[in-house]
Visitor: 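Structure in structure tokens, see below.
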Amino acid sequence: MYKELEKIFRTLLSEVYKNVMKPNGYKRDGQNFRQIMHEGSISKGMIVNFQRSMGCRDEELIFTINVAKLKVIDPDQVDPKFKEYDCELLNRKRPQHLCGKYIIDQWWYITPETDYGSLKAEIEEYLADYAIPWLR
């Protein structure tokens, strides 16, 4: 069962990348989507990370979305493979910090009963309307 849920999760990441992240200049690396911008002597790295829960079971895959930004004075110091946890704590956010719709720590569930279309629409809306604007 978990392999089928994993396939749905990978499809979700691919479609989110194609529909939202790539058009906004992000590059995909597994469950991470990064963009590095150079503005004069300052470089800014932005990352969207899909984090799976360690509590996943055979009948459900659980994930959340972390977003973070990294500012570096020397453009050569930006590691192109930087991670969300490399960013300062104040520059890291989860959905409940960016969108009033989520009151507590937001985790999404993929189960055999999940309405994939609704899940994809919610994730794409959150990224386009809240996460990406905050990262800019």
Side-chain angles (χ1 to χ4, degrees):
M1 171 66 66
Y2 191 77
K3 287 186 183 224
E4 287 130 22
L5 302 178
E6 177 70 26
K7 184 178 178 184
I8 293 168
F9 181 67
R10 285 194 310 267
T11 299
L12 175 68
L13 292 177
S14 294
E15 291 185 4
V16 163
Y17 176 65
K18 181 181 82 174
N19 297 337
V20 179
M21 304 308 293
K22 188 175 183 180
N24 280 286
Y26 287 78
K27 294 183 178 171
R28 182 174 177 191
D29 178 20
Q31 294 175 201
N32 296 297
F33 302 93
R34 290 183 195 85
Q35 183 179 89
I36 298 174
M37 298 175 62
H38 303 288
E39 301 166 348
S41 63
I42 295 181
S43 291
K44 183 164 102 173
M46 298 164 285
I47 186 167
V48 175
N49 162 259
F50 282 71
Q51 175 190 342
R52 278 188 259 186
S53 169
M54 296 190 59
C56 293
R57 299 186 307 243
D58 190 46
E59 65 277 355
E60 64 185 8
L61 187 149
I62 308 165
F63 70 95
T64 191
I65 302 172
N66 303 301
V67 297
K69 46 191 169 182
L70 177 72
K71 287 191 180 180
V72 179
I73 303 239
D74 181 356
D76 296 327
Q77 289 183 348
V78 178
D79 177 358
K81 296 276 189 180
F82 76 95
K83 304 287 187 191
E84 173 263 338
Y85 52 76
D86 293 328
C87 303
E88 291 181 26
L89 194 56
L90 291 175
N91 289 328
R92 296 164 53 184
K93 302 288 182 196
R94 282 216 171 148
Q96 71 274 13
H97 298 116
L98 299 177
C99 177
K101 175 179 178 180
Y102 307 114
I103 299 169
I104 59 171
D105 198 16
Q106 177 63 31
W107 291 83
W108 287 274
Y109 291 73
I110 298 175
T111 69
E113 293 79 33
T114 296
D115 178 340
Y116 178 78
S118 294
L119 175 66
K120 182 172 100 66
E122 180 178 350
I123 298 299
E124 288 180 346
E125 176 186 9
Y126 166 71
L127 292 170
D129 294 349
Y130 299 96
I132 292 172
W134 179 79
L135 288 167
R136 289 189 182 129

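When reading the values below, keep in mind they use all heavy atoms of this one structure, side chains included, and skip hydrogens, waters and symmetry mates.
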Visitor: Testing the basics here: between Asn19 and Glu124, what is the closest heavy-atom pair and its distance to 0.1 Å?
Guide: ND2-OE2, 2.9 Å
Visitor: Look up atom CD in Gln51 and atom CH2 in Trp107, then write down how far apart they are to the nearest 0.5 Å.
Guide: 4.0 Å
Visitor: Starting at OG1 of Thr11, measure out to NZ of Lys120 and round the result to the nearest 0.5 Å.
Guide: 11.0 Å
Visitor: Given side chains that start at C-beta, do those of Asn49 and Lys83 come closer than 4.5 Å, heavy atoms only?
Guide: no
Visitor: In terms of hydrophobic clustering (I, L, V, M, F, W, Y; side-chain heavy atoms under 4.5 Å; direct or indirect links), are Ile62 and Leu5 co-clustered?
Guide: no
Visitor: Between atom CG of Leu12 and atom CZ of Phe50, what is the distance when rounded to the nearest 0.5 Å?
Guide: 6.0 Å
Visitor: Can you find a pair of side-chain heavy atoms, one from Thr114 and one from Thr111, that are under 4.5 Å apart?
Guide: yes
Visitor: Is the shortest distance from a Lys or Arg side-chain nitrogen in Arg94 or Glu84 to a carboxylate oxygen in the other one below 4.0 Å?
Guide: no
Visitor: Taking the side chain as C-beta and beyond, is there a heavy-atom pair between Ile110 and Tyr116 under 4.5 Å?
Guide: no
Visitor: Using modelled atom types only, decide if a donor and an acceptor are shared between the side chain of Arg52 and the backbone of Met54 within a distance under 3.5 Å.
Guide: no
Visitor: Taking the side chain as every heavy atom from C-beta outward, state whether Gln106 and Leu98 have any pair of such atoms under 4.5 Å apart.
Guide: no
Visitor: So which atom in Trp134 and which in Lys69 form the shortest heavy-atom distance, rounded to 0.1 Å?
Guide: O-NZ, 2.9 Å
Visitor: Do Val48 and Ile65 have side chains that get closer than 4.5 Å, going by heavy atoms?
Guide: yes
Visitor: Can you tell me if Gln35 uses its side chain to pair, donor with acceptor, with the backbone of Met46 under 3.5 Å?
Guide: no
Visitor: What distance separates Lys44 NZ from Arg136 CZ, expressed to the nearest 0.5 Å?
Guide: 9.0 Å
Visitor: Taking all atoms of both residues into account, what is the closest heavy-atom pair of Ser14 and Arg28, and its distance?
Guide: OG-NH1, 3.1 Å
Visitor: Is it the case that atom NZ in Lys22 sees more than 12 heavy atoms from other parts of the structure closer than 6.0 Å?
Guide: no
Visitor: Using the side chain to side chain contact (heavy atoms under 4.5 Å, CB included) rule, pick out the option among Asp105, Ile104, Ile123, Thr64 that qualifies with Pro95.
Guide: Thr64
Visitor: Could you tell me the separation between the CD1 atom of Ile132 and the OH atom of Tyr126, rounded to the nearest 0.5 Å?
Guide: 10.0 Å
Visitor: Do Leu61 and Tyr109 belong to the same hydrophobic cluster, where Ile, Leu, Val, Met, Phe, Trp and Tyr are linked whenever their side-chain heavy atoms lie under 4.5 Å apart, directly or via other members?
Guide: no
Visitor: Using side-chain heavy atoms (C-beta onward) and a distance below 4.5 Å, is Tyr130 in contact with Lys93?
Guide: no
Visitor: Please work out whether the ring planes of Trp108 and Phe63 are parallel, tilted or perpendicular, with thresholds of 30° and 60°.
Guide: parallel
Visitor: With rounding to the nearest 0.5 angstrom, report the CG to CG distance, Asn66 to Asn32.
Guide: 9.5 Å
